[in-house]
Amino acid sequence: MDGNGRWATQRGEPREAGHKAGSAAVRRVVRIARRLGISALTLYAFSEQNWARPKGEVEALMGLLEEFLRSEREEILENGIRLVAIGDLGRLPEHVRQALDPLARESHENEKMTLALALSYGAREEIAEVARALANEALRGAINPDAIDGALIGARIPSLSVGEPDLILRTGGEQRLSNFLLYGAAHAELFFCEKLWPDFHEPDLFDAIRSYQTRTKVFGTPSAERRRGT
Ligand code: IPE
Ligand code: MG
């Protein structure tokens, strides 16, 4: 979800205003995804690297995150959405954890859709943590190092607990992954959209899905089957 800052700057407003509009776009897109029957949606809401932003901006983003969790709580629970968070959650401020943890707990059994929030997330950091855990298990003799393969690592990657991504979409015109879902991106379709995130609406999501459908129809099979090598 990229482009909040530029959206605000274009209007002569502070970046925080862009994040507020971005938060409205999140609500919009989650609702559409649910209606479409998308089984899992992972949102790159705050990256490990975003901590380096000015303190005021980080605080504004954390405030919006808490507000989102509190205001969407009922809708999430009523609609059978399972909310999960991935990333270095220990770095999040207490006020965010107090909204996040109970909602994750209470929605745990929900099955209609999984909404994964990537918070303080970095894909390299995520992979490193899995590598560290596996190395320790090997040292303890709990696993055989020779048994470590792509599938085993994949099964331990938290961002892939919702399944491997079929489509990764970035708004705001940059054509980079910026440390998002790197391990899971192996077979994913990528879609880059010029629109700034606060301007992202239903037709833009439809464009992305249509593009995904066309590509998987013309060039082969959906990513789940490509992963199996079919
Ligand atoms: C992405 O928009 C929002 C988050 C970090 C959550 P940016 O803040 O990166 O917006 P630009 O790229 O400066 O326009
Ligand atoms: Mg940006």
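Read the numbers this way: they start at 1 and go in the same order the structure lists the ligands and their atoms.
Between Q175 and R170 the shortest side-chain heavy-atom distance does not fall below 4.5 Å.
With hydrogens left out, the protein atom closest to atom 3 (C) of ligand 1 is N4 ND2, 3.3 Å, a heavy atom. Summary of contacts: the protein heavy atom closest to atom 1 (C) of ligand 1 is M1 O, 3.0 Å.
The atoms of ligand 1 that sit less than 4.0 Å from any heavy atom of R6 are 11 (P), 12 (O), 14 (O).
R210 and T214 share no donor-acceptor pair across their side chains, judged by distance under 3.5 Å alone. For S159 and E126, the side-chain atoms include at least one donor-acceptor pair closer than 3.5 Å.
Using a 4.0 Å cut-off between heavy atoms, R53 contacts ligand 1 through its side chain alone, with no backbone atom that close. Of the heavy atoms in A45, only backbone atoms (N, CA, C, O) come closer than 4.0 Å to ligand 1.
Residue nearest to atom 7 (P) of ligand 1, selected from D2, T9, L61, L64: D2 (by heavy-atom distance).
Salt bridge status for E202 with R31: absent, with no side-chain N to carboxylate O gap under 4.0 Å. Salt-bridge formation is detected for the pair E137/R156: a Lys NZ or Arg NE/NH1/NH2 atom is positioned less than 4.0 Å from an Asp or Glu carboxylate oxygen. Under a 4.0 Å N-O distance rule, the pair R91/E48 qualifies as a salt bridge. Classification of R27 and E75 as a salt-bridged pair fails, no side-chain N sitting under 4.0 Å from a carboxylate O.
On a distance-only criterion, R15 and ligand 1 share at least one N/O pair closer than 3.5 Å. Residue N50 places no N or O, backbone or side chain, under 3.5 Å from any N or O of ligand 1. Considering backbone and side-chain N/O of Y44, none are found under 3.5 Å from N/O of ligand 1. Considering backbone and side-chain atoms together, G5 places an N or O closer than 3.5 Å to an N or O of ligand 1.
Using 4.0 Å as the threshold, G22 has no heavy atom nearer than that to any atom of ligand 1.
Aromatic ring pairs are classed by plane angle as parallel below 30°, tilted from 30° to 60° and perpendicular above 60°; the pair Y121 and Y44 is perpendicular.
The SG atom of C193 lies 12.5 Å from the CD atom of E174; values are rounded to the nearest 0.5 Å.
Residue E16 qualifies as enclosed at atom CD: its count of foreign heavy atoms under 6.0 Å is above 12.
Here the options are V26, L41, L69, the test is side-chain contact (heavy atoms from CB on, under 4.5 Å), and the partner is L117; only L69 passes.
Around the Mg ion (ligand 2), protein atoms of type N, O or S found under 2.8 Å number 1.
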